[in-house]
Structures are given as structure tokens and as C-alpha cells.
2 protein chains.
Amino acid sequence: MDTVSTNASFGGTQGVYSHASETCACDMTFAVYTPPQAADGPVPVLWYLSGLTCTHANAMEKAGAQRAAAEHGVAVVFPDTSPRGEGVADDDAYDLGQGAGFYVDATEAPWAPHFSMNSYVRDELPALLRAEFGGTLDLDRCGITGHSMGGHGALTLALVNPDRYRSVSAFAPICNPHASDWGRKQLSAYLGADEGAWGQTDASTLVRERGWHGEILVDQGEADDFLDLLRTQSLIDACAARGQDATITMRPGYDHSYHFVSTFIPDHVAFHAAWLGRG
Amino acid sequence: MDTVSTNASFGGTQGVYSHASETCACDMTFAVYTPPQAADGPVPVLWYLSGLTCTHANAMEKAGAQRAAAEHGVAVVFPDTSPRGEGVADDDAYDLGQGAGFYVDATEAPWAPHFSMNSYVRDELPALLRAEFGGTLDLDRCGITGHSMGGHGALTLALVNPDRYRSVSAFAPICNPHASDWGRKQLSAYLGADEGAWGQTDASTLVRERGWHGEILVDQGEADDFLDLLRTQSLIDACAARGQDATITMRPGYDHSYHFVSTFIPDHVAFHAAWLGRG
């Protein structure tokens with residue numbers, strides 16, 4: 001692992017690192033915010049998965065998570081949203097290929113050799129962090145959140161792997177990708193045209209079938225231009241059908257931008273901190 | 001004035017606007033954050049002047065000012081750092097020309113026709129805001145802050161125009177441009193090689209000669225790569241010589257980035273809010 005940069009931030013450290021990923025078969029970059037409380041021992045970890053077109057940097061720079069994380073003593077990890085590089089497949093569309101990994105493990109050409117963001121976020125990156133940051137990060141206490149495509153990633157990773165995450169929330173998540181053009185297009189490309197091969201990649205279906213052991217926190221802007229693609233109502237309906245504990249709040253006037261995310265991230269960090277023993 | 005964009009943010013509105021500037025003889029873009037308290041009547045205004053290479057957008061997106069501004073009921077205005085456009089003079093260096101207006105009114109070719117950022121920030125933009133946002137912004141209650149080159153701008157604008165600003169602070173300001181390569185180069189270009197023509201453009205000199213009616217708040221990172229150019233000690237010495245009320249704090253570990261600015265902006269917004277009657 002190489003250190004790309006470190007910056008003091010709210011009494012802690014905002015670092016950016018790169019490493020040769022086996023899972024994605026390319027160099028991957030990620031960011032870790034370590035709060036000042038880590039000086040006294042390992043702190044719990046909040047995973048923040050970003051949306052379409054983003055790298056590790058967008059939320060790190062614009063979401064304002066560090067202030068809240070330092071208040072609560074929680075670390076925040078910002079992975080990239082896809083493999084990248086010259087040898088990695090890509091597409092001209094903003095919503096397929098590099099910057100649009102959708103947090104699945106691709107099985108189809110030309111994506112399969114590199115696009116394994118599910119395994120990368122779930123397994124490889126936590127193992128790397130455990131090895132490299134074992135003294136400051138407690139990888140046994142993880143929460144997960146994300147924005148848009150990253151909200152889809154957070155919900156599906158948590159619902160499928162409840163042993164890995166103690167808490168889950170999302171900002172404007174893609175809630176029902178199996179019924180949306182933000183989902184069907186990408187899952188067809190990465191996992192094949194046969195919908196039967198898409199597996200556990202739809203948060204609304206997962207809530208109906210499996211549920212979640214705790215509360216699910218979701219914020220969604222009512223002025224979001226992408227409401228039709230996000231299909232928030234499908235998640236609301238699934239929670240109602242399941243009897244799932246969930247707080248899904250429609251926020252009048254808010255759109256899909258980081259202005260929306262930054263407004264509500266203090267609430268989300270506090271929510272995760274409480275579930276992670278930093279309440 | 002044209003509205004470029006508006007986004008809901010912390011219960012208020014982050015807007016971006018453009019207008020044909022007479023002072024700069026080109027179209028200029030700026031941002032205004034209006035906090036939720038503006039719904040109950042005009043709120044005081046904090047001017048945030050940005051540093052080299054920045055537009056209105058960098059601090060708007062990365063400084064995290066909105067959360068603090070919404071807590072205190074203060075608006076924040078983010079002007080651009082120079083005139084821009086095809087017909088506007090420029091230089092290949094990052095620290096001269098577009099993105100590097102230095103908040104002075106240029107008298108020399110090729111800069112004089114457009115580079116009048118001092119008059120623009122002091123006169124034209126406040127007048128425009130008074131006309132366009134009279135119901136929400138109280139332009140008679142202004143504070144001013146800034147980062148790096150913008151810290152120089154904030155200090156010099158306040159010290160020269162104490163009738164216009166009730167409070168002043170700065171993040172890692174250029175404190176003594178008449179003795180720095182961040183200053184001598186640009187003032188020579190914009191105002192002429194004769195140092196006698198540079199006028200009241202050096203904050204350390206202004207503190208010694210004029211002082212400020214209130215407290216001056218400055219934060220400076222000790223790990224800032226540009227300490228030699230910023231010359232913080234000159235400002236400290238000037239405040240000591242004048243007996244100027246000032247809190248100039250060296251922050252161990254902090255650099256010149258927005259990670260530094262965002263860490264301390266809650267303190268600065270609270271400082272200005274107190275001076276502006278929103279304490």
C-alpha cells in the first residue's frame with residue numbers, strides 16, 4: 001500500500017492510499033478519514049460508497065463527513081466506484097464501466113477481469129485495512145452508507161452480509177435496480193441478460209425476503225431529478241410488507257447533489273455511531 | 001443577473017449567479033449561501049474570498065461553510081478570484097492573471113481593462129446583492145474572511161474600508177505581500193514596477209499604520225508548505241507593534257488545503273456571527 005497524501009482534518013487525518021488490488025486486477029485508490037479518538041485505540045468504521053462518475057475523492061472533499069466523524073469518533077472509508085486504468089474495460093456512457101461498478105462482481109465480457117467491486121468492498125479492502133490500520137481501525141465494528149449507486153451498494157452489501165455490518169443507511173439510493181434503467185442496463189452488462197443470474201442485487205427484494213436486524217435510515221430529496229430511476233417507493237413498500245424498522249424521509253426541496261448529502265450526513269454519522277457503540 | 005443553479009442546503013439555499021460586471025468588463029459568476037433564518041428577515045453577510053486558482057465554486061463545495069452559516073443565521077458570499085473569459089488577459093503561471101486577481105484594481109497593461117477585483121468586491125457586487133437580495137441579505141452588516149490570496153484580500157479590504165466591514169478573519173493569509181513572491185510579482189504586474197504605486201495593499205503595513213477597531217482572527221497551519229510566502233510572522237509582529245487585538249493561532253499539523261479551512265471554518269463563522277449580532 002502506498003500513501004498518496006495525508007492532510008490534518010478536524011484533529012484527525014484524511015489519508016488517500018493506493019494499492020495493487022488482486023480482486024480488481026488493477027491499482028485501486030481509496031481514502032480513509034481517521035478521527036482524533038483513534039489516538040486512544042481502534043475506532044469503528046463507516047464505509048461510504050459513492051455514486052456514478054465519482055472516485056474516492058468526491059465525497060471526501062464535498063460531503064462534510066469529517067466534522068461529524070470527528071465529533072463521534074468514527075473513521076470513514078471512501079472506496080473508489082470501479083476499477084480504473086488503461087487496461088480496464090470502459091464505455092462511453094457515464095453510467096457503465098469506469099466510475100459505474102455498481103458494487104457487483106461481473107461475470108460477463110469485457111467486464112469480468114476487473115469489475116469485482118462487491119468482493120473488493122466486502123473482502124479485499126477490509127482485509128487490507130485490517131493489516132495496514134489495525135491499530136487505529138476496528139474492522140469488527142463496521143457500518144455502511146452510500147449515495148445513489150453507492151446507496152444501492154450499501155443496502156445490498158449490508159442486507160446480504162449482515163455479519164459484516166452492524167448498521168446501514170443511504171442517501172438517495174437506487175432502491176430497486178431490477179426495475180430501473182439504473183440497474184437493468186448495468187446488471188445486464190455485468191451479469192448477463194438473464195435476470196436469473198442477477199442474484200441478490202436488488203435492495204427492495206432483499207428487504208422483502210431477508211430483512212435487516214436493525215433500523216434502516218434513508219434520506220431522499222423530493223426535488224431529486226432522478227426519483228423515477230431511484231424508485232424510493234419500492235423500498236418503502238418493501239419495508240412496509242416486511243415490517244422492517246426503517247426511517248425513510250422525503251426531504252422537500254433537496255436534490256441529488258452533495259449539497260443534499262452534506263446537509264444530512266451529520267444525522268447519518270450520528271446514527272451509525274450509535275449502532276457502533278459511539279452514541 | 002442570471003441564476004446558474006440553486007440547491008437546498010442545510011435548510012437554506014446555495015445559489016450560483018452570473019452577471020455582466022461593469023467593473024470587470026466581463027461576465028462574473030458568484031455564489032451566495034442563504035441560511036434558513038433569512039425567511040424571517042435579512043441576515044448578515046460573511047464574504048469569503050478564495051485563493052489562487054480558485055473560482056467561486058471551490059470554497060462553496062469544499063469549505064463546509066454552509067453548516068456553520070445555517071447554525072448561526074449568516075449568509076456567505078463567494079466571489080470569483082478574477083475576471084475571466086476569452087477577451088480577458090491571462091498568464092501561463094498559476095499565480096498571475098485569471099484565477100489570481102489579488103483583490104487590487106490594476107492600472108497596468110494588459111490587466112487594467114478587466115482586473116479590478118478590489119472595486120468589484122467592495123462596491124459593485126455589494127450593490128448588486130443589495131438590489132437583488134435586499135429582502136434576505138443585510139448588506140449593512142458584513143464581515144469578511146478569506147484563504148491565502150483571499151486572506152490577503154479580506155485583511156486589506158477590511159483594514160482600508162472599516163466602514164464596510166464589522167469583522168475580519170483569515171485562513172492562512174498572505175500577510176506581507178510587499179515582501180513576498182506572492183505579492184511583489186503580482187503587484188508589479190498589476191500596479192507597476194514602482195513600489196510607491198502599490199498603495200494600501202499590504203496587511204502587515206496596514207495593521208501598523210491604521211489598525212482595526214476590533215479583534216482580528218487568523219488561523220495558520222504549521223505544516224503549510226507556503227509559510228515562507230505567507231509571512232505570518234510579519235502580521236504577528238505588526239499586531240504586537242500596534243497593540244492590535246488579534247488571535248493568530250498556529251495549528252500543528254495543518255497544511256494549506258481545504259481540509260485545514262473546513263476544520264476551522266466553524267470557529268470563524270461563529271466569530272463573525274458574534275460581531276454581526278448573531279452570536
Side-chain angles (χ1 to χ4, degrees), chain A residues 4-16 31-36 38-39 54 57-71 76 78 171-172 219-225 249-270, chain B residues 4-16 31-36 38-39 54 57-71 76 78 171-172 219-225 249-270:
Chain A
V4 176
S5 62
T6 61
N7 300 87
S9 169
F10 291 95
T13 302
Q14 179 60 65
V16 177
V32 179
Y33 176 69
T34 310
C54 290
N58 303 65
M60 176 185 83
E61 296 174 346
K62 297 183 180 182
Q66 293 87 354
R67 182 176 171 186
E71 287 168 359
V76 187
F78 305 91
F171 302 86
D219 280 285
Q220 173 61 54
E222 280 188 359
D224 192 319
D225 287 337
T249 308
M250 303 300 294
R251 301 292 187 176
Y254 285 88
D255 58 28
H256 202 65
S257 70
Y258 279 100
H259 297 287
F260 158 69
V261 174
S262 63
T263 297
F264 297 103
I265 209 162
D267 297 345
H268 284 241
V269 172
Chain B
V4 175
S5 62
T6 61
N7 299 87
S9 170
F10 290 95
T13 302
Q14 180 61 64
V16 177
V32 178
Y33 176 68
T34 310
C54 291
N58 302 66
M60 175 186 84
E61 294 174 348
K62 297 183 180 181
Q66 293 87 354
R67 181 176 171 188
E71 286 167 2
V76 187
F78 305 91
F171 302 86
D219 281 286
Q220 173 62 55
E222 280 188 359
D224 191 319
D225 287 335
T249 309
M250 302 301 294
R251 301 292 186 177
Y254 284 90
D255 58 27
H256 201 66
S257 71
Y258 279 101
H259 298 287
F260 158 70
V261 174
S262 63
T263 297
F264 297 104
I265 211 163
D267 297 344
H268 284 242
V269 172

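Note that the structure is a prediction, hence the values are computed from the model and not measured. Numbers restart at 1 for each chain; the letters A, B, ... are given by sequence-line order, proteins then strands. Heavy-atom basis, side chains included; hydrogens, waters and symmetry copies ignored.
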key: Worked check of side-chain contact (heavy atoms from CB on, under 4.5 Å) between A:Arg67 and B:Arg67   = CA-CA 10 Å; A:Arg67 182 176 171 186; B:Arg67 181 176 171 188; 3.5 Å; yes
key: Portion of B:Thr13 that has a non-hydrogen atom of chain A nearer than 4.5 angstrom   = neither
remark   = Bottom line for B:Ser257: the part with an atom under 4.5 Å from chain A's heavy atoms is side chain
request  = Output the option from A:Ala223, A:Gly64, A:Ser262, A:Gly11 having the highest count of non-hydrogen pairs under 4.5 Å with chain B.
outcome  = A:Ser262
request  = Specify the closest pair of heavy atoms between A:Tyr254 and B:Phe10, including all atoms of both residues, with the distance to one decimal.
outcome  = OH-N, 3.3 Å
task = Pick one of side chain, backbone, both or neither for B:Tyr258, based on which atoms fall under 4.5 Å of a heavy atom in chain A.
result = neither
message = Among A:Pro252, A:Pro266, A:Gly221, which residue has the highest count of heavy-atom pairs closer than 4.5 Å to chain B?
response = A:Pro266
Nearest atoms (heavy-atom pairs only) where A:Ala8 meets B:His259 = O-CB, 3.5 Å
key: chain A contact via B:Gln14 - which portion, at a heavy-atom distance below 4.5 Å   = side chain
key: B:Asp255, part contacting chain A, at a heavy-atom distance under 4.5 Å   = side chain
